[in-house]
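The block underneath contains the structure these notes are about, expressed in structure tokens.
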Amino acid sequence: MPERRSSHDDLIDHLVRSTTLQRGEAARVILDVLAYFDETTDDFVRRRHRELQSGGLVNTEIFERIAAELPHRAVAPPELSLRQLRRIVYG
């Protein structure tokens, strides 16, 4: 019976050849990266808010930092105002 290959096998093979990662580790890295880039803007804003808040920052600093980070995402969303960011977090 032929071995079933995932849609990312070429990338997994490349990582195994070009790094010290084992095949399972390379697959996990790829899945983590894909999940990171699959994150919606709202989910990203909420996650970063939690992370920055747990780091001791206050909302004024948090929302300014998130606004500065958003344009650098792989697929940048439209520019959001600080008010729109607050509404994502607090509804």
Side-chain angles (χ1 to χ4, degrees):
M1 175 172 247
E3 180 182 331
R4 182 182 165 119
R5 293 180 54 92
S6 77
S7 61
H8 305 294
D9 276 340
D10 288 343
L11 182 54
I12 293 169
D13 292 342
H14 172 74
L15 286 176
V16 169
R17 282 191 311 271
S18 63
T19 69
T20 60
L21 295 174
Q22 298 296 314
R23 188 164 186 78
E25 296 167 323
R28 173 61 191 227
V29 167
I30 291 166
L31 291 176
D32 285 349
V33 169
L34 291 173
Y36 176 83
F37 286 115
D38 198 33
E39 185 176 43
T40 67
T41 298
D42 289 3
D43 289 342
F44 171 78
V45 170
R46 289 184 190 106
R47 177 179 60 79
R48 285 299 287 149
H49 182 269
R50 283 190 308 273
E51 291 170 354
L52 295 170
Q53 195 173 48
S54 70
L57 273 67
V58 297
N59 277 344
T60 305
E61 297 168 314
I62 290 171
F63 291 119
E64 287 177 7
R65 184 173 299 181
I66 292 171
E69 291 175 358
L70 281 172
H72 302 287
R73 300 278 296 161
V75 178
E79 186 173 338
L80 299 172
S81 69
L82 298 179
R83 179 184 173 139
Q84 288 172 307
L85 294 173
R86 285 185 193 93
R87 292 196 79 192
I88 289 172
V89 173
Y90 295 112

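In this text the structure is predicted, and so the values were computed from the model without any measurement.
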(request) Decide whether Val16 and Leu31 are clustered together by the hydrophobic rule: side chain heavy atoms of Ile, Leu, Val, Met, Phe, Trp, Tyr closer than 4.5 Å, transitively. (result) no

(request) Nearest 0.5 Å please: distance from the CG atom of Leu80 over to the CZ atom of Arg86. (result) 12.5 Å

(request) With the side chain counted from C-beta on, respond yes when Leu70 and Leu85 share a heavy-atom pair under 4.5 Å apart, and no when they do not. (result) yes

(request) Look at Glu25 together with Arg28 and state whether they make a salt bridge at an N to O cut-off of under 4.0 Å. (result) no

(message) Heavy-atom count check: over 12 atoms from other residues, nucleotides or ligands less than 6.0 Å from Arg47 CZ?
(response) yes

(message) Hydrophobic cluster membership, with links at side-chain heavy-atom distances under 4.5 Å among I/L/V/M/F/W/Y: are Ile12 and Val33 in one?
(response) no

(request) Look at the side-chain heavy atoms of Ile, Leu, Val, Met, Phe, Trp and Tyr, link any pair under 4.5 Å apart, and say whether Leu34 and Phe44 land in one connected group. (result) no

(message) Using only atom types and a distance under 3.5 Å, with no angle test, would you say the side chain of Arg46 pairs donor to acceptor with the backbone of Ile88?
(response) yes

(message) With a sphere of 6.0 Å drawn around CD of Gln22, does it hold more than 12 non-hydrogen atoms of other residues, nucleotides or ligands?
(response) no

(request) Give a yes or no on whether Val58 and Ile66 share a hydrophobic cluster (residues Ile, Leu, Val, Met, Phe, Trp, Tyr; joining criterion: side-chain heavy atoms under 4.5 Å apart). (result) no

(request) Compare every heavy atom of Arg65 with every heavy atom of Leu52, then report the nearest pair and how far apart it is. (result) CD2-NH1, 3.4 Å

(message) When you measure from the centre of the six-membered ring of Tyr36, is the NZ or CZ of Arg73 closer than 6.0 Å and no more than 45° off the axis?
(response) yes

(message) Could you check whether any side-chain heavy atom of Thr19 comes within less than 4.5 Å of a side-chain heavy atom of His14, counting everything from C-beta outward?
(response) no

(message) Which residue is it: Ile30, Asp10, Thr20? I am looking for the one with a side chain to side chain contact (heavy atoms under 4.5 Å, CB included) to Leu15.
(response) Ile30

(request) Could you tell me which non-hydrogen atom of Val89 sits nearest to which non-hydrogen atom of Phe63, and how far apart they are? (result) CG2-CE2, 3.9 Å

(message) So, taking the atom named CG in Asn59 and the one named NE2 in His49, what distance separates them when rounded to the nearest 0.5 Å?
(response) 4.0 Å

